[in-house]
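Down below is the structure, laid out as structure tokens.
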Amino acid sequence: MPGLLSDALAWVVILTFAVGALFEDRNERVARYLTAAAWVGFAAFWLQLVPHFAFEQKSYVEGILSIAAVPASLYTGYLLWNGRDSLFVLSRAVAAMGLIYLPFETIPAFSLFGVGVPAPRGILMETVAAQTGYLVNAFGYHPEMIVGEQGYLNTFLFFDGEHRLTVSVVLACTGLGSIAIFAGLIAAVKAPLRRKLRAMAVAVPIIYALNLLRTTFITIAFGKQYMQWFVDEVLLLFGSSDPYMVSFFISDRIISQLLAVVVLVGITYLVVRELPELLTVIEDVLFLVTGDEYDLESELGLDRPGT
């Protein structure tokens, strides 16, 4: 489950990936050992997250993906160990993703020379919450903004009659995860900086803007209880007994998460047009899933200079 030990494991795994990447041009044998070991650790990391996503968060999409990530990580490490060198690119991408995401996930607020330094996650959550609030207000809804359970001004308060309904913008609602994925992939490939910056300029603004629309949609749908559909069936599906949560489950766990998959595929296509070197990573992922080799360069009519 997420916590101190989970955070420590995440840092160990990501730093192992990073050190492995540093050794690629110095000692390929050491790089292979370290990176294969990092993939085994990555499998262990996803395995301990399965109960959190499946039972605590009640997210079937994330639960299924975390389960699938365990054998996928082990298989990736196996293939890399046995000579599939193209997987070094994907490994570098995971290292970069983690180095972007983990500071927000794990660094708490602290004092430095008597000056308080806020937690990065708090700054990001409050910023996204404030921007979501602006959009919610623009659509004609005016919930009160209150301090949430984590101590940040990131929670909207609605009332359904006398019943209080609160919806919070947590770290998973900021778009950071998706941004870290694309930033990591872009950083991992060997390509001119100019084209990498163009790819980032395509991915990051689109992800951030669409995520704000997502948080606005969920906030309104849940706060106003607009999606109280198939109440008994949805409660059974998500193992809940709170009928007020139905609009949240439908708007977030079903509609938003399924649409996110479609959106990420579309963004991937746009980014690959700017940075064809990413085809190597996509082909490796497809090989891991299907066991078949693909030549996306020919199928998409792109010129891949190299990785």
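Positions are given from 1 along the sequence. Values below: all heavy atoms of this structure, side chains included; hydrogens, waters and symmetry mates excluded.
Annotation: salt bridge (Lys or Arg N to Asp or Glu O under 4.0 Å) contacts of Glu293 (sequence neighbours excluded): Arg84. Residues satisfying the salt bridge (Lys or Arg N to Asp or Glu O under 4.0 Å) criterion with Arg214, sequence neighbours excluded, are Asp252. Asp160 meets the salt bridge (Lys or Arg N to Asp or Glu O under 4.0 Å) test with no other residue; sequence neighbours excluded. Residues that satisfy the ring-ring contact (aromatic ring centres under 6.0 Å, His included) test with Tyr244, not counting sequence neighbours, are His163. Every residue two or more places apart in sequence or in another chain that forms a salt bridge (Lys or Arg N to Asp or Glu O under 4.0 Å) with Glu297 is listed here: Arg304.
Listed by first and then second residue, the ring pair (Phe, Tyr, Trp, His ring centres under 6.0 Å) pairs involving residues 4-23 are Phe17-Trp39, Phe17-Phe42 (not counting sequence neighbours). Among pairs with a residue in residues 185-231, those fulfilling ring pair (Phe, Tyr, Trp, His ring centres under 6.0 Å) read Phe222-Phe248, at least two apart in sequence or across chains. Pairs engaging residues 127-143 under the salt bridge (charged side-chain N to carboxylate O under 4.0 Å, His left out) rule: none recorded [sequence neighbours left out]. The ring pair (Phe, Tyr, Trp, His ring centres under 6.0 Å) pairs that include a residue from residues 72-113 are Tyr33-Trp81, where partners are two or more places apart or lie in different chains.
Through side-chain heavy atoms spaced under 4.5 Å, either directly or across other Ile, Leu, Val, Met, Phe, Trp or Tyr residues, Val50 is tied to Ile67. Here Ile146 sits in one hydrophobic cluster together with Leu157, Phe159; the rule is ILVMFWY side chains under 4.5 Å apart, joined directly or through other members. In this structure, Leu197 shares a hydrophobic cluster with Leu193, the cluster being traced through Ile, Leu, Val, Met, Phe, Trp and Tyr side chains under 4.5 angstrom apart.
For the pair Glu28/Asp85, a side-chain contact is recorded, criterion being any heavy-atom separation below 4.5 Å from C-beta on.
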